[in-house]
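All chains are named by letter (A, B, ...) in the order of the sequence lines, taking the proteins before the strands, and each is independently numbered beginning at 1.
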Number of protein chains: 2
Amino acid sequence: MPDGTSKKPSRIQMRNRSLILDAALDVFSAHGYRGATLDQIAEAAGLSKPNILYYFTGKEEIHVTLLNQLMETWLDPLVEMDAAGDPLTELLDYVQRKLDMSRDLPRESRLFAGEILQGAPRMLPHLRADLKPLLNEKCAVIQTWMNDGKLAQVDPRHLVFSIWATTQHYADFDTQVRVLLDDDPHDSAAQFLDQMYRSLLTP
Amino acid sequence: MPDGTSKKPSRIQMRNRSLILDAALDVFSAHGYRGATLDQIAEAAGLSKPNILYYFTGKEEIHVTLLNQLMETWLDPLVEMDAAGDPLTELLDYVQRKLDMSRDLPRESRLFAGEILQGAPRMLPHLRADLKPLLNEKCAVIQTWMNDGKLAQVDPRHLVFSIWATTQHYADFDTQVRVLLDDDPHDSAAQFLDQMYRSLLTP
DNA sequence: CCACTTTTTGACCAATTGGTAAAGCTACGA
DNA sequence: TCGTAGCTTTACCAATTGGTCAAAAAGTGG
């Protein structure tokens, strides 16, 4: 077993751990935690099941590792929103970054959605410790912008919720969107969302 | 086994079938299809597992039955949108009806979300047969409204997607919303969404 | 009260699944 | 070349889970 306390993971450890995590992201995002099996993950990774359990102590640790890695990526677009920038531009850019993430990282979006949908059994601490303070900070910034008359007055929290909802929708409900739309939704969605938030936020 | 071809389901059949479906809705919406077990459903329904299988041929049939029942309820708010009514009022009322559904039927919302999230393995036919034509019809109505200058010009499909996303978000991501918000979100969400779609759609 | 149908249950199964143990293989430095 | 630490596999469990079956129990009409 690779010693968690030792300093340097070998090259083969790095490769196999990332093979496993990538395969697990496929499987967990497609079938949910309970719906995913170690055999599926093993096959997708091109490794045997016991070999998987040589690198991770169990199914749960794989899932938790994915969730932990995800949290960083997930918060990043919001972190980038700059209090010193132009308010409307900052918010519209944030919307576009989130929409791009739905296109580029749909597995991550669905993994996150599935976790929250089931009550966030393994993510609640992260939500409280990481997401909540960040949201509070950014909502305060948005509120300042509104008080300065740079943006129309709306509830900053519901504004952010709506941005999350509308952008992640294109990853999480991709199956439905594809049934209902004939062409690729990304460009038309980008245009629609820009129009919607521009009309809402322009003072 | 209750004969599916016979004419009249007995009183006790009606009662137990609905007990089972209600319990199954709890369990499936909380844990997903694969995460739910017949034992959980049986316990929640207050019946034994073999007794459950006396009324339904298997786990899948219970799930499919729930999904079929759900489709009606789900489309209803959109069906009610009246081409003869006042355009802005009709759309804003639709938003409120969907938001009310998220508050009143969160289990149904999560069941639907979970099914779509996993690629809609049992719902794709319904989406194509029921949802798609209805959406096309209603989008045509909205387009007419816009052409008549009653509404601002936006992409009707993405408009509807955004309504679904923002309203269902309060049911599907309830756990997250509750962590981030201290008071009940419903009234403030209703106000925010009214403001957002009013500013977007007012010509 | 009795025959007959519907409902319920306890005992049981086969398949799946997360996980283990120990032997075998491989890379690599001395 | 050899020894050793790291990596991989084969064979195997024990628990869970969807589902079956025959018999018991409860309704029900006459």
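For Arg17(A) and Phe56(A), the positive end sits near the middle of the six-membered ring, less than 6.0 Å away and at most 45° from its axis. Geometric assessment of Arg34(A) against the ring of Tyr33(B) yields a negative cation-pi assignment under the 6.0 Å and 45° thresholds.
Taking the six-membered ring for Trp, His186(A) and Tyr170(A) have ring centres at least 6.0 Å apart.
Rounded to a whole Å, the NE2 atom of His31(A) is 12 Å from the P atom of dG18(C). Taking atom CZ of residue Arg17(A) and atom C1' of nucleotide dG6(D), one finds them 15 Å apart after rounding to whole Å. Atom CE in Met14(A) sits about 13 Å away from atom P in dC7(D), given to the nearest Å. Counting to the nearest Å, the P atom of dC7(D) and the CD1 atom of Ile20(A) are 12 Å from each other. In this structure, Asn16(A) atom CG and dT9(D) atom P are separated by 10 Å, rounded to whole Å. A straight line from CZ of Arg15(B) to P of dA26(D) spans 14 Å, rounded to a whole angstrom.
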Subject >> Contact state string [nucleotides 12-21 of chain D, B base, S sugar-phosphate only, - no protein heavy atom under 4.0 Å] >> reply: -----SBBBB
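Gln13(A) has no side-chain polar atom (N or O) that falls below the 4.0 Å cut-off from OP1 or OP2 of dG6(D). For dT9(D), one of the phosphate oxygens OP1 or OP2 lies less than 4.0 angstrom from a side-chain nitrogen or oxygen of Ser48(A). Dashed line: the shortest gap from a side-chain N or O of Tyr55(A) to OP1 or OP2 of dT8(D) is under 4.0 Å. Within the structure, every side-chain polar atom (N or O) of Tyr54(B) is placed at least 4.0 Å from both OP1 and OP2 of dT8(C). An OP1 or OP2 oxygen of dG10(C) is reached within less than 4.0 angstrom by no side-chain nitrogen or oxygen of Asn51(B).
In this structure, Phe173(A) and His169(A) have parallel ring planes: the angle between them is below the 30° cut-off, well short of the 60° mark.
Taking 4.0 Å as the cut-off between side-chain N and carboxylate O, Asp100(A) and Arg103(A) count as a salt-bridged pair.
Checked by atom type, the side-chain pair Ser162(A)/Tyr197(A) shows a donor-acceptor distance below 3.5 Å. Side-chain polar atoms of Asn147(B) and Gln143(B) form a donor-acceptor pair below 3.5 angstrom.
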